[in-house]
Amino acid sequence: MPGVTVNLAARTAHRSDFCGELQANDEGREVVLCGWVNARREHSQHLAFVDLRDHTGVVQCVVDNAHDLRNEYVLRVTGVVTKRTVDTVNPNLGTGEIEIKECEVEVLSTAEPLPFQMDGRTDVDENLRLRHRYLDLRSERMQRNLRLRSRVNSAIRGAMEAQGFVEIETPFLIASTPEGARDFVVPSRHSPGQFYALPQSPQLFKQLCMVGGVDRYYQIARCLRDEDLRADRQFEFTQLDAEASFVSQDDVLAFVTEAVAAATEAVTGERPGEIPRMTWHDAMERYGSDKPDIRFGMELVELTEVFAGTGFNAFKAPAVKGLRVPGGAGKTRKQLDELTDKAKQWGAKGLVWMKVQDGGALNSPVAKFLSEQEQTGIAKVLDAEPGDLLLLVADERAKARHVLGLLRLELGRPPVNEGGFSFLWVVDFPLFEALDEHGSPIPAHHPFTMPHEDDMALLDTADPTDLLQVRSQAYDLTLNGWELGSGSVRIHRPDIQSRMFALLGIGEDEARRKFGFLLDAFTYGAPPHAGFAFGIDRLATLLAGEENIREVIAFPKTQTGADPLTGAPTEIDPAHLDELGLRLLPEKQ
RNA sequence: GGUCCCGUGGUGCAGUUUGGAGUGCACGCUGGCCUGUCAAGCCAGAGGUCGCGGGUUCAAAUCCCGUCGGGACCGCCA
């Protein structure tokens, strides 16, 4: 029969087509559809409409009588695709030009009324959604997000394979290493009293793959970290993990850029432009963050020089930095007090605010302590306009940057799904983030990170505070102010690695105990290598225009680490504990 | 470890500031009517441990203390 199409992708033993794909050119076909009752409109005992829904959309079925049908019943409907009359076309429905007539309806499954409505019109309490996640997954939003994430995964795999990367699975039950985040541990039945750790990342295994001549490794890897949960953090998360041999930092950035560009294109249809780079130092000074949200301005401004000779005690500090809030002078005293409270909670000693008045004078509780020169200096350096609010923090440099960076986000950050996708590479991270109580440096990334070649000489310096100036070949990728991931060029030479352990105050015995297998591996011909990992949950969240990572995870945990659906975590049988050689301590009072 | 917000029929809210009868709105649910709706409409009805415990008061959804659950953030996340 001419014009008849057969939907091979949809056809199964139970159905011939998907609900949402039927169009006017299917007119005349007899189809068999399966799905859920999305809505029913009963006009009489002789006319009723049933909207049948599957993951592709909704189609209207015309039936004699819908009295025994209820929302969310699972039906199989056999009928004929029919063009609607002009006055009954529904332009708001993808299949609105047609409807299914002469319907024979078979109830495959009945359904109780749902514990919540999933029509997308109201925000349902998230705990309720999670308790009935199998219902929540039916919603358009979750269907969209899960399928989006699937496309992201697929695009990333395609990009990595095309660049010659080999997918290798690494173990889940591994040895615990003391560095980094808190491990999830698994007791060993064979060796009571001993434990495996679940991987925080496949870091060491991918480096072993390089020694093993793999050349280019990747994995869409599940990672587990027992740290407190946030809107962008779950215990369990998924990373694109990658490592390559005989490469530079630029090579790695190019590989990863290709993967995120492919993922972005798979969702938006457009490849992002070239990803800009910023040094860690610039990011910290200009945005007060190592993951700057560059979708908006409001950069931090250096004011230390302006107050070099100040008589105002609060500004006699190692650093004074400021932030201009355009049009912010309308804030009330109460709002400013709340901002000050937040700044203090974030660690600042205080927050100085100034309202720029018509004519340029500064209205501020501290104005009387500042010289005229200082007041004009502030206005000039901050480029202040009447109606602006100026915020100043004087403190240790790191503290001032941090607090102002948080204030900048608080006051200027657009909603996460506005302003497109601003990827940014942050490069030249410091090798060490601080000195511990013994004066030993604390690694900013991990102890296998290669120092910046230009800074090698500084490693031999006598003054440990100079070590904090040493840059590393470590880099982060950020998107709209979220850290997507990080990577580094690794140390592959045992002599440099030994020097690094010595600097970190890790003795030879300790190094052997913790990383002996890696150090051994490196004595047998380790290629220079570098790698990266970025969070796929986070990338998918932002690409989906969501604000919370849980919206792109099928079965996420709550902020306290519980799963309202399964009840995890749960107690286990005492006999099970016994077998593992474990005994519980009494509960702490 | 800390700061803040939320908890009211099945769902989403209002009511809490200033204590006075479980008062209101929308959706859903049950029954009825209705032959072109599409978030159908109309009529009727059912449905409540105001998260839980204690306190103040003649009287508590409302004020106080504690606790549980959820959320946002700081710390934490090499």
Side-chain angles (χ1 to χ4, degrees), chain A residues 38-52 58-67 70-72 84-96 99 101 112-132 135 177-183 200-201 203-204 223-235 237 291 338 341-348 402-403 406 409-410 429 431-434 441-449 472 474 483 486 488 504 506 514-515 533 535 547-548 550 557-562 564:
Chain A
N38 199 55
R40 79 211 138 91
R41 296 173 289 281
E42 204 173 0
H43 279 260
S44 71
Q45 293 183 3
H46 305 292
L47 177 66
F49 301 97
V50 172
D51 289 343
L52 195 66
V58 165
V59 68
Q60 172 167 285
C61 304
V62 185
V63 300
D64 279 347
N65 183 328
H67 194 258
R70 293 290 182 273
N71 284 343
E72 300 306 315
R84 298 196 191 188
T85 60
V86 173
D87 56 319
T88 59
V89 163
N90 182 356
N92 300 319
L93 194 63
T95 58
E99 61 194 358
K101 288 192 141 177
E112 294 297 316
L114 263 44
F116 57 88
Q117 287 155 255
M118 33 161 276
D119 53 17
R121 276 182 287 164
T122 49
D123 284 334
V124 179
D125 177 73
E126 197 185 355
N127 203 32
L128 191 63
R129 290 173 58 200
L130 293 183
R131 201 154 66 232
H132 303 278
L135 298 177
T177 52
E179 269 72 26
R182 197 175 294 115
D183 281 328
Q200 298 175 26
S201 79
Q203 180 62 38
L204 299 179
C223 304
L224 299 104
R225 295 178 190 174
D226 188 5
E227 298 292 346
D228 288 355
L229 288 74
R230 288 289 159 74
D232 63 352
R233 276 169 22 196
Q234 285 269 305
F235 285 156
F237 60 101
K291 46 181 178 178
E338 284 168 1
D341 286 345
K342 281 188 178 170
K344 284 180 180 168
Q345 200 208 324
W346 291 330
H402 175 66
V403 172
L406 290 171
L409 293 177
E410 176 82 16
F429 269 65
L431 190 59
F432 307 110
E433 64 178 24
I442 301 165
H445 193 53
H446 58 57
F448 317 111
T449 304
S472 66
E483 179 190 326
S486 60
S488 62
L504 294 172
I506 300 175
K514 290 174 178 169
F515 310 112
E547 298 182 340
N548 196 299
R550 294 187 296 271
K557 306 247 183 317
T558 66
Q559 201 166 61
T560 52

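Chain letters run A, B, ... following the sequence lines, proteins first and then strands; every chain starts at 1.
- The side chain of Gln559(A) sits closest to C73(B) out of C27(B), C38(B), C73(B).
- Spacing of C1' atoms, G20(B) relative to C76(B), comes out at 49 Å, to the nearest Å.
- The backbone N or O of Phe432(A) lies less than 3.5 Å from no partner atom in the side chain of Ser472(A), so there is not a single donor-acceptor pair.
- The CG atom of Asp341(A) sits 22 Å away from the P atom of A72(B) (whole-angstrom rounding).
- No hydrogens or angles were tested; on distance alone, a donor-acceptor pair under 3.5 Å links the side chain of Arg230(A) to the base of G75(B).
- Remark on RNA chain B: of its neighbouring residues Leu128(A) and Ala231(A), the 5'-side contact belongs to Leu128(A), judged by nearest-heavy-atom nucleotide.
- Backbone-only engagement by Thr560(A) is indicated by non-hydrogen atom pairs under 4.0 Å involving sugar-phosphate atoms exclusively.
- The base of G7(B) has none of its N or O atoms less than 3.5 Å from a complementary donor or acceptor on the side chain of Asp125(A).
- Of the side-chain N and O atoms in His402(A), one or more sit less than 4.0 angstrom from OP1 or OP2 of G75(B).
- Donor-acceptor pairing under 3.5 Å, judged by distance alone, is present between the side chain of Arg84(A) and the base of U37(B).
- Salt-bridge formation is detected for the pair Asp51(A)/Arg41(A): a Lys NZ or Arg NE/NH1/NH2 atom is positioned less than 4.0 Å from an Asp or Glu carboxylate oxygen.
- Side-chain atoms of Arg233(A) and base atoms of C77(B) include a donor and an acceptor less than 3.5 Å apart.
- Of the possible donor and acceptor atoms, none in the side chain of Glu72(A) sits under 3.5 Å from a partner among the backbone N and O of Glu112(A).
- Listed pair His67(A) / G32(B) meets the phosphate criterion, a side-chain N or O lying under 4.0 Å from OP1 or OP2.
- Counting to the nearest Å, the C1' atom of C34(B) and the CZ atom of Arg40(A) are 15 Å from each other.
- As judged by a 4.0 angstrom heavy-atom cut-off over every strand, Arg131(A) is placed among residues making no nucleic acid contact.
- Distance noted for atom P between U18(B) and G47(B): 36 Å (whole Å).
- A donor and an acceptor atom sit less than 3.5 Å apart, one in the side chain of Lys101(A) and one in the base of G36(B).
- Between Ser44(A) and U35(B) there is a side-chain N or O to OP1 or OP2 distance below 4.0 Å.
- Within 4.0 Å of Ala48(A), counting heavy atoms only, lies no atom of the nucleic acid at all.
- Of all nucleotides present, none satisfies the Watson-Crick or G-U wobble test against C76(B) with each distance under 3.5 Å.
- In this structure, G53(B) forms a base pair with C65(B), meeting either the Watson-Crick or the G-U wobble geometry with both donor-acceptor distances under 3.5 Å.
- Taking atom C1' in both U11(B) and G48(B), one finds a spacing of 14 Å when rounded to whole Å.
- Nucleotides U3(B) and G10(B) place their C1' atoms 35 Å apart, quoted to the nearest Å.
- At the heavy-atom level, Asp123(A) lies under 4.0 Å from the strands shown only through sugar-phosphate atoms.
- As rounded to the nearest Å, U23(B) and G32(B) have C1' atoms that lie 29 Å from one another.
- Partner assigned to A59(B) is none, using Watson-Crick or G-U wobble distances below 3.5 angstrom.
- Here Thr558(A) lies in heavy-atom contact (under 4.0 Å) with sugar-phosphate atoms only.
- Across all strands shown, G31(B) forms a Watson-Crick or G-U wobble pair, both distances under 3.5 Å, with C43(B).
- As judged by a 4.0 angstrom heavy-atom cut-off over every strand, Gln203(A) is placed among the base-contacting residues.
- Between A72(B) and Asn548(A), a contact under 4.0 Å exists linking OP1 or OP2 to a side-chain N or O.
- Asp228(A) places its CG atom 11 Å from the P atom of C77(B), with the value rounded to the nearest Å.
- Between the P atoms of C4(B) and G45(B), the separation comes to 47 Å (whole Å).
- The CG-P distance, from Asp87(A) to U35(B), rounds to 17 Å in whole Å.
- Closest approach of Gln234(A) to Leu229(A), counting heavy atoms only: NE2-CD2, 3.9 Å.
- Glu99(A) comes within 4.0 angstrom of a nucleotide base, judged by non-hydrogen atoms across all strands.
- An aromatic stacking contact between His43(A) and the base of G36(B) is absent, as defined here by ring centres under 5.5 Å apart and ring planes under 30° from parallel.
- Listed here is the closest heavy atom pair of Lys291(A) and Glu483(A): CD-N, 3.8 Å.
- Rounded to the nearest Å, the gap between the P atom of U62(B) and that of G53(B) is 12 Å.
- Contact between the side-chain N/O atoms of Asn71(A) and the OP1/OP2 oxygens of C29(B) is found at a separation under 4.0 Å.
- At a cut-off of 3.5 angstrom, the base of G12(B) holds no donor-acceptor pair with the side chain of Gln117(A).
- Atom CZ in Arg182(A) sits roughly 7 Å away from atom C1' in C76(B) (whole-Å rounding).
- Distance CZ (Arg550(A)) to C1' (A72(B)): 10 Å, rounded to an integer number of Å.
- Across every non-hydrogen atom of Cys223(A) and Gln200(A), the tightest pair is CB-O, 3.1 Å.
- The 12-atom threshold is not exceeded at CD of Gln45(A), counting heavy atoms of other residues, nucleotides or ligands nearer than 6.0 Å.
- Positionally, the nearest nucleotide of RNA chain B for Glu42(A) lies more toward the 5' end than for the other of Glu42(A) and Ala181(A).
- In this structure, Gln60(A) places its CD atom 8 Å from C1' of G36(B), rounding to the nearest Å.
- Contacts of Val89(A) with the nucleic acid, taken as non-hydrogen atoms under 4.0 Å apart, include base atoms.
- Across all strands shown, C13(B) forms a Watson-Crick or G-U wobble pair with G24(B), both key distances being under 3.5 Å.
- Between Arg41(A) and the phosphate of U37(B), there is no side-chain N or O to OP1/OP2 separation shorter than 4.0 Å.
- Counting to the nearest Å, the P atom of C34(B) and the CZ atom of Phe49(A) are 16 Å from each other.
- Of the possible polar contacts, none joining the Arg550(A) side chain to the Thr558(A) backbone as a donor-acceptor pair under 3.5 Å is found.
- To the nearest whole angstrom, the two P atoms, one in G22(B) and one in G9(B), are 16 Å apart.
- The aromatic rings of Phe448(A) and Phe515(A) sit perpendicular to each other, their planes meeting at more than 60°, with 30° as the lower class boundary.
- Closest contact between the side chain of Gln345(A) and the listed nucleotides U37(B), A72(B), C74(B) involves C74(B).
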